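Computed from a predicted model, the values in this text were never measured in an experiment.
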Amino acid sequence: MNETNDNPQSRSNFIVEIIEQDLKTGKWGGRVATRFPPEPNGYLHIGHAKAICLSFGLAQKYGGTCNLRFDDTNPTKEDAEYVESIKEDVSWLGFDWGDRMFFASDYFKTMHEYAVKLIEDGKAYVDSLSAEETAAYRGDYNRPGKNSPHRDRSVEENLDLFSRMKNGEFEDGEHLLRAKIDMTSPNMNMRDPAIYRIRHASHHRTGDEWCIYPMYDWAHGLEDSIEQITHSLCTLEFENHRPLYDWFLEQLDVYHPQQIEFARLNLSYTVMSKRKLLDLVSDDLVNGWDDPRMPTISGFRRRGYTAAAIRNFCDRIGVAKRDNTVDLALLEHTIREDLNETSPRVMAVLDPLKIVIENYPEGEQEEFEAPYFPGQEERGTRAIPFSREIFVERDDFREEAPRKWRRLAPGKEVRLRYACLITCNEVIKDENGEVTELRCTWDPESRGGTSPDGRKVRGTLHWVNASTAVMTEVRQYDRLFNVINPLAVEDGHSFVEHINHSSCEILTGCLAEPSLAGAKPESRFQFERIGYFCVDRYDSTDDKLVFNRTITLRDSWAKIEKKLGGK
RNA sequence: UGGGGCGUAGGCUAACGGUAGGCCCCGGGUUUUUGGUACCCGUAAUUGCAGGUUCGAAUCCUGCCGCCCCAGCCA
């Protein structure tokens, strides 16, 4: 199908079908108006990215609009800090809400007026049961609920009580405004749901103006209605709320959007609930919401993921109603795919092993020109210095070469990427038998990497010149959990036990080629033969570069080695 | 036990009564100055199960089974 690389909602799904049907019948007058309505009580994660790409993507696709709306109806859990982070994340992801940023709290007055209307119509009442009593009266799945003794209060009494609730005459929990629906409904949400509760709490936007706050079910449909939303997309757990959503809007006889539910995203090797993520943060198991191992949007950003890769991922996972767990490998594939196209190639040695090229004159130095994108020289090149002392990756040398080994070993010849051919003559060790240095010779005729006699050299190593290398710190990140589903734990155990304790390995003595000096925060590179790395947006300075490993390159040698070792 | 949803290869997802397609993963190969990329090939689904309707069923019907959600004055 139309598999354009970065096309929001390019593929068909049941929501697209509904919208196209509506467009055909003119149900909404040809309009498509969606919204992304987070509660500002935490940071956005990759699951939210799915919702964002869906709602904003659909609006884009059909020339409609998508509002950014903060569902800030519970002041005790919310904070302005979260509002800011959400705005930053949505816009970083590449979506523009224009002048359509709204807050549920903008509508508090209107919502209150509607509540008064509902009371006047005899469809809502003030209850004065305690929370415990309310729960008991509600019944359970098998037993119908019982009407509250306060259910038949007169409209006048309800109006009076409600206005006194609003005026702050009561303590939290003393009274509750409820819709008068049906205490015997098999749908618990219809058993006289709460509409307004008393909360003497200061709101991050309205301050102390209110001491009663609307409940989600009351607020959400009204917000959608006020904003003239056409398709109100939310996750599956709200399916049971739809009858209530519809009931309120019908009773009020106001503009009535269609709520449509889709399955939330689950990702293997990670947890997605805000609650669990908050646990990780507050228990210091990670370094904040934007720790590069977190599945938050800000975490992925800091890790080096691109917005385009995340959007592409969201497009590829599709939208349906069945519960799903998407393979982390798919996300890793989309980021590799993007970075492969966009990241300049450079060389850095993470675990340096010194090489002295014995037949290279001391005190001399020359340069090789290397392309940032091999095969696409027009995208730029830089000079790489070369001299008698260089460093290669310690792991690229074996004193005893295993089968199929193409890299360095005593007596073996390899190519230094973009430079020349060298042969290992001697291995120098310290008193512990640890290899400290390799003595090699180079073939001056092989400048550029090929020899005139055309002999084949299979191995190519990345390397860096000793005297000009830039010392850097590299943080190697890996998946945060060891198991596909960290939540699958036995009673008495916690998902925390599945944390991968080597998910963050900090290397301090890494050496990078000099062109990397002064690399800007958030710039991304491929360290050839290793992986993709991103300059940390907070900790990296001109004096001390800090790189985060976004993702490794595919490593087919690791597979071969594993196979060899396994036999 | 009541209500609401959902079951298509290892993971996502398409097919809208016409005989199961795509992506990821996995395996093999070609090219290669990244054991990367690209390209080629391949494995793998009696569409949860059992019946029925039909010339024809993943699609319609019936009955089972399994999984998810719901008893906040959270969203």
Gap in Å between the two [atom1] atoms, one belonging to [N] and one to [M], rounded:
{"N": "B/rG17", "M": "B/rC55", "atom1": "C1'", "answer": "12 Å"}
{"N": "B/rG72", "M": "B/rA14", "atom1": "C1'", "answer": "39 Å"}
{"N": "B/rG63", "M": "B/rG56", "atom1": "P", "answer": "23 Å"}
{"N": "B/rC64", "M": "B/rC39", "atom1": "C1'", "answer": "49 Å"}
{"N": "B/rG21", "M": "B/rU47", "atom1": "P", "answer": "14 Å"}
{"N": "B/rA57", "M": "B/rA75", "atom1": "C1'", "answer": "42 Å"}
{"N": "B/rG51", "M": "B/rC70", "atom1": "C1'", "answer": "33 Å"}
{"N": "B/rG22", "M": "B/rU1", "atom1": "P", "answer": "42 Å"}

How long is the line joining [atom1] of [X] and [atom2] of [N], in whole Å?
{"X": "A/Met183", "N": "B/rG3", "atom1": "CE", "atom2": "P", "answer": "18 Å"}
{"X": "A/Lys321", "N": "B/rG7", "atom1": "NZ", "atom2": "P", "answer": "10 Å"}
{"X": "A/Lys77", "N": "B/rC73", "atom1": "NZ", "atom2": "P", "answer": "12 Å"}
{"X": "A/Glu239", "N": "B/rC6", "atom1": "CD", "atom2": "P", "answer": "6 Å"}
{"X": "A/Trp218", "N": "B/rC74", "atom1": "CH2", "atom2": "P", "answer": "17 Å"}
{"X": "A/Leu330", "N": "B/rG22", "atom1": "CG", "atom2": "P", "answer": "17 Å"}
{"X": "A/Asp192", "N": "B/rC73", "atom1": "CG", "atom2": "P", "answer": "12 Å"}
{"X": "A/Asn485", "N": "B/rG11", "atom1": "CG", "atom2": "C1'", "answer": "14 Å"}

Open item on the list: If the glycosidic angle sits within 90 degrees of zero it is syn, else anti. Tell me which applies to B/rG4.
Closed with: anti

[X] side-chain N/O to [N] phosphate OP1/OP2 under 4.0 Å:
{"X": "A/Lys563", "N": "B/rG27", "answer": "no"}
{"X": "A/Arg275", "N": "B/rC74", "answer": "no"}
{"X": "A/Arg138", "N": "B/rG72", "answer": "yes"}

Considering only NZ, NE, NH1 and NH2 on the basic side and carboxylate oxygens on the acidic side, decide whether [X] and [Y] come within less than 4.0 Å.
{"X": "A/Glu174", "Y": "A/Arg164", "answer": "no"}
{"X": "A/Arg382", "Y": "A/Glu513", "answer": "yes"}
{"X": "A/Arg35", "Y": "A/Glu227", "answer": "no"}
{"X": "A/Arg205", "Y": "A/Asp106", "answer": "yes"}
{"X": "A/Lys77", "Y": "A/Glu39", "answer": "no"}
{"X": "A/Arg447", "Y": "A/Glu366", "answer": "yes"}
{"X": "A/Asp279", "Y": "A/Arg275", "answer": "yes"}
{"X": "A/Arg524", "Y": "A/Asp338", "answer": "no"}

What's [X] touching, base or sugar-phosphate or nothing? Going by heavy atoms closer than 4.0 Å.
{"X": "A/Ala131", "value": "base"}
{"X": "A/Asn324", "value": "sugar-phosphate"}
{"X": "A/Leu129", "value": "base"}
{"X": "A/Ser185", "value": "nothing"}
{"X": "A/Glu39", "value": "sugar-phosphate"}
{"X": "A/Ser446", "value": "nothing"}
{"X": "A/Asn142", "value": "base"}
{"X": "A/Tyr418", "value": "base"}
{"X": "A/Leu176", "value": "base"}

- [ ] Take A/Glu78 and A/Arg199 through the test salt bridge (charged side-chain N to carboxylate O under 4.0 Å, His left out) and record every step on the way to the result.
- [x] CA-CA 13 Å; A/Glu78 298 153 7; A/Arg199 275 265 201 294; over 6 Å; no

Measure from the side chain of [X], starting at C-beta and using heavy atoms only, and say which of [options] lies closest.
{"X": "A/Met215", "options": "B/rC74, B/rU34, B/rC12", "result": "B/rC74"}
{"X": "A/Asp71", "options": "B/rC6, B/rA75, B/rC73", "result": "B/rA75"}
{"X": "A/Thr325", "options": "B/rC12, B/rU13, B/rC26", "result": "B/rC12"}

Open item on the list: Test ring pair (Phe, Tyr, Trp, His ring centres under 6.0 Å) on A/Tyr418 and A/Phe368; report intermediate values, then the result.
Closed with: CA-CA 7 Å; A/Tyr418 305 125; A/Phe368 295 103; 9.4 Å; no

Task: Evaluation steps, salt bridge (charged side-chain N to carboxylate O under 4.0 Å, His left out), between A/Lys321 and A/Glu239 - done: CA-CA 11 Å; A/Lys321 295 195 75 154; A/Glu239 230 159 4; 2.8 Å; yes

Open item on the list: Consider ring pair (Phe, Tyr, Trp, His ring centres under 6.0 Å). Of A/Tyr107, A/Phe108, A/Phe248, which one does A/Trp218 pass it with?
Closed with: A/Phe248

- [ ] Encode nucleotides 35-40 of chain B as B, S and - characters from 5' to 3', where the letter depends on protein heavy atoms closer than 4.0 Å: B to the base, S only to sugar-phosphate, - to neither.
- [x] BBS---

Task: Summary of protein contacts for nucleotides 64-70 of chain B, nucleotide by nucleotide, where a base hit scores B, a sugar-phosphate-only hit scores S (4.0 Å, heavy atoms) - done: ----SBB

- [ ] Nearest-nucleotide wise, let me know which of A/Phe527 and A/Tyr216 is further upstream toward the 5' end of RNA chain B.
- [x] A/Phe527

Task: Dot-bracket notation for RNA chain B, counting Watson-Crick and G-U pairs under 3.5 Å, with | for partners on another strand - done: .((((((..((((....[..)))).(((((.......))))).....(((((..]....))))))))))).....

Open item on the list: Set out, in order, the CA-CA distance, both residues' side-chain angles and the distance that settles ring pair (Phe, Tyr, Trp, His ring centres under 6.0 Å) for A/Tyr245 and A/Phe238, then state yes or no.
Closed with: CA-CA 10 Å; A/Tyr245 180 101; A/Phe238 292 102; over 10 Å; no

- [ ] Kindly indicate whether the side chain of A/Val464, heavy atoms from C-beta on, has any atom under 4.5 Å from the side chain of A/Met347.
- [x] no

Open item on the list: Taking the six-membered ring for Trp, are A/His112 and A/Phe162 closer than 6.0 Å centroid to centroid?
Closed with: yes

